[in-house]
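Remarks on the structure that follows.
This chain uses plain numbering: 1 for the first residue, then up along the sequence.
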Amino acid sequence: MSQSSQNPYLWVERSLQTIHQANWYRSVQTIQSAPGSHIRLDGHDLLNFASNDYLGLAGDHRLIQAAVEAAQSFGTGSTGSRLLSGHRQLHHQLETAIATLKQTEDALVFSSGYLANLGAIAALVDRRDLVLTDEYNHSSLRNGAILSKATVMPYSHCNLNDLQVKLAQHRSQHRRSLIVTDSVFSMDGDLCPLPQLLDLAEQYECMVLVDEAHATGVLGQTGAGSVEHLGCTGRPLVQVGTLSKALGSLGGYVAGSKVIIDWLRNRSPTWIYTTGLSPADTAAALAAIAVIRQEPERRANLWQNVAYLHQQLDQHPIFNQATSPYRPLPSASPILCLQMAHPSAVMAASQQLRTAGIWVAAIRPPTVPTSRLRITVMATHQQSDLDQLLKSLTAIAA
Ligand SMILES: *Cc1c(COP(=O)(O)O)cnc(C)c1O
């Protein structure tokens with residue numbers, strides 16, 4: 001057989017085999033119920049600690065009603081890009097509501113948070129510029145930096161000294177500079193030191209883009225996010241976020257100054273060249289923002305649950321010894337991670353929890369450098385739910 005007649009796709013099977021051997025293989029699992037703190041997964045009723053639906057809004061009847069009514073009035077699809085046939089009054093209303101929540105001049109809704117990050121970064125910098133990115137940033141921020149063609153420079157996680165050293169060394173060789181960071185780190189649960197980071201940015205004339213995906217609706221007095229929580233409202237920065245986590249819908253957004261948003265409408269490829277958000281998703285997110293404003297008790301419940309879980313884990317010797325195979329990572333959010341040495345151990349632990357009726361995500365490389373159980377707390381968990389989780393975790397760890 002000649003060289004040229006070999007199957008050019010053979011490598012896929014071999015590469016999949018390698019992934020299997022490393023315990024990195026992933027597959028989907030089917031949820032057969034409405035979203036919530038209790039779900040049905042592949043035929044089993046489980047207590048759910050694996051959802052981003054922090055406030056329990058994805059199954060809320062008001063969001064569902066808003067989505068149904070929007071679909072009935074405006075159809076299922078928006079039929080085109082926003083600049084052509086895809087713009088509706090609902091988009092404008094949602095953008096106004098986001099800007100009001102964030103206390104920014106304007107906002108722009110994208111079809112996902114991922115696309116919002118890609119499009120915002122690609123519009124703000126190009127090959128003449130410098131992007132500094134936290135090493136633990138979300139994939140969408142890292143790929144946005146690559147898409148922009150700017151020089152990309154990772155700095156160590158939340159390490160302002162490292163960031164400053166890199167700024168001092170490299171800033172002057174570039175035209176514009178952009179620092180990008182998660183606010184709540186999605187696979188760790190800790191919080192970026194935003195006020196100090198903004199001070200550094202000011203000193204070196206850098207723009208800052210902060211990803212509030214896990215903070216919007218969760219952190220801050222009014223649920224505006226970590227920018228509000230850390231007292232940075234009104235400081236010059238670009239905020240990105242998602243409609244798909246605490247807001248229980250689908251889509252993403254950028255919030256910022258009028259000129260920045262105007263620039264994005266003219267220069268952001270992932271907004272210009274993609275179909276506008278569907279009427280149903282848009283209306284559901286709009287309803288979610290109203291609920292967040294009207295029901296601060298949801299956020300209060302969430303943080304009460306988070307505090308309880310933290311306190312119980314802190315007290316328990318199993319999770320505190322230096323030799324413990326389950327080491328809690330620093331967390332300032334409803335995301336609580338227990339780090340483990342090996343992907344196979346984290347898979348086994350998550351399987352044991354599942355047998356005990358609890359769903360906790362096992363996160364492995366290459367998503368994160370070290371394997372971990374990732375527990376996400378919801379406002380709608382009862383204390384008995386948290387106790388059941390703690391009981392199973394301690395039994396498995398013992
Ligand atoms: C989930 C997430 C995104 C992507 O948002 P989607 O709307 O799901 O595309 C972006 N950034 C971070 C930090 C996230 O956790």
Side-chain angles (χ1 to χ4, degrees), residues 116-215 219 225-241 254 256-257 260 327-333 335 337 339 363 365-370 372:
N117 273 329
L118 293 184
I121 297 170
L124 291 173
V125 284
D126 69 27
R127 58 177 81 248
R128 287 164 284 188
D129 306 322
L130 174 68
V131 177
L132 294 131
T133 167
D134 188 292
E135 62 176 334
Y136 287 2
N137 273 345
H138 189 261
S139 158
S140 53
L141 291 171
R142 289 186 271 125
N143 279 331
I146 292 169
L147 181 66
S148 76
K149 300 194 175 73
T151 301
V152 182
M153 201 161 284
Y155 59 90
S156 21
H157 179 51
C158 288
N159 186 331
L160 293 169
N161 288 330
D162 189 39
L163 177 58
Q164 173 145 35
V165 165
K166 295 200 155 107
L167 282 167
Q169 269 176 7
H170 302 282
R171 171 67 187 97
S172 62
Q173 291 138 50
H174 298 271
R175 182 188 56 170
R176 300 197 281 257
S177 173
L178 174 69
I179 302 169
V180 298
T181 183
D182 284 14
S183 58
V184 171
F185 284 84
S186 58
M187 293 298 143
D188 300 82
D190 57 343
L191 198 54
C192 106
L194 191 60
Q196 297 82 351
L197 189 140
L198 285 168
D199 292 344
L200 260 186
E202 204 172 297
Q203 191 185 333
Y204 286 92
E205 202 187 312
C206 293
M207 302 177 283
V208 174
L209 182 147
V210 61
D211 183 341
E212 292 268 61
H214 293 275
L219 277 156
S226 68
V227 172
E228 180 185 34
H229 175 67
L230 296 168
C232 298
T233 307
R235 293 191 68 171
L237 81 172
V238 180
Q239 298 181 49
V240 181
V254 179
S257 71
I260 291 276
R327 289 204 303 107
L329 294 174
S331 163
S333 73
I335 301 167
C337 291
Q339 186 173 269
I363 312 288
T367 305
V368 287
T370 54
R372 64 204 62 178

Please report the interatomic distance [atom1]([X]) to [atom2]([Y]), rounded to the nearest 0.5 Å.
| X | Y | atom1 | atom2 | value |
| --- | --- | --- | --- | --- |
| Ser177 | Lys166 | OG | NZ | 13.0 Å |
| Leu197 | Gln164 | CG | CD | 11.0 Å |
| Cys337 | Ile363 | SG | CD1 | 7.0 Å |
| Asn137 | Asn117 | CG | CG | 9.0 Å |
| Leu200 | Leu167 | CG | CG | 6.0 Å |
| Glu205 | His174 | CD | NE2 | 14.0 Å |

[X] versus [Y], closest heavy-atom pair with distance:
| X | Y | value |
| --- | --- | --- |
| Glu228 | Leu219 | OE1-O, 4.2 Å |
| Ala120 | Leu209 | CB-CD1, 3.8 Å |
| Val152 | Pro154 | O-CD, 3.9 Å |

Exercise for the section: Take atom CD of Gln196 as the centre, draw a 6.0 Å sphere, and report whether it contains more than 12 heavy atoms from other residues, nucleotides or ligands. Expected result: yes
Does any part of the side chain of [Y], heavy atoms only, come nearer than 4.5 Å to the side chain of [X], both counted from C-beta?
| X | Y | value |
| --- | --- | --- |
| Tyr155 | Thr181 | yes |
| Leu124 | Arg176 | no |
| Leu147 | Ile121 | no |

Handout entry: Intermediate values then yes/no, side-chain hydrogen bond (donor to acceptor under 3.5 Å, both in side chains), Asp190 and His157
Key = CA-CA 10 Å; Asp190 57 343; His157 179 51; 2.6 Å; yes
Exercise for the section: Answer yes or no: is there an ion pair linking Asp129 with Arg175, defined by an N-O contact shorter than 4.0 Å? Expected result: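 The answer is yes: the pair qualifies as a salt bridge.
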Fill in the blank from the handout: Residues passing the salt bridge (Lys or Arg N to Asp or Glu O under 4.0 Å) test with Asp199, sequence neighbours excluded, are Arg235
Handout entry: Residue that, paired with Leu141, satisfies side-chain contact (heavy atoms from CB on, under 4.5 Å) out of Val210, Leu118, Val180, Val131
Key = Val180
Exercise for the section: State which residues pass side chain to side chain donor-acceptor pair (under 3.5 Å) with Glu212; sequence neighbours excluded, sorted by chain then number. Expected result: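 For Glu212 the side chain to side chain donor-acceptor pair (under 3.5 Å) partners, ignoring immediate neighbours, are Ser183, Ser226.
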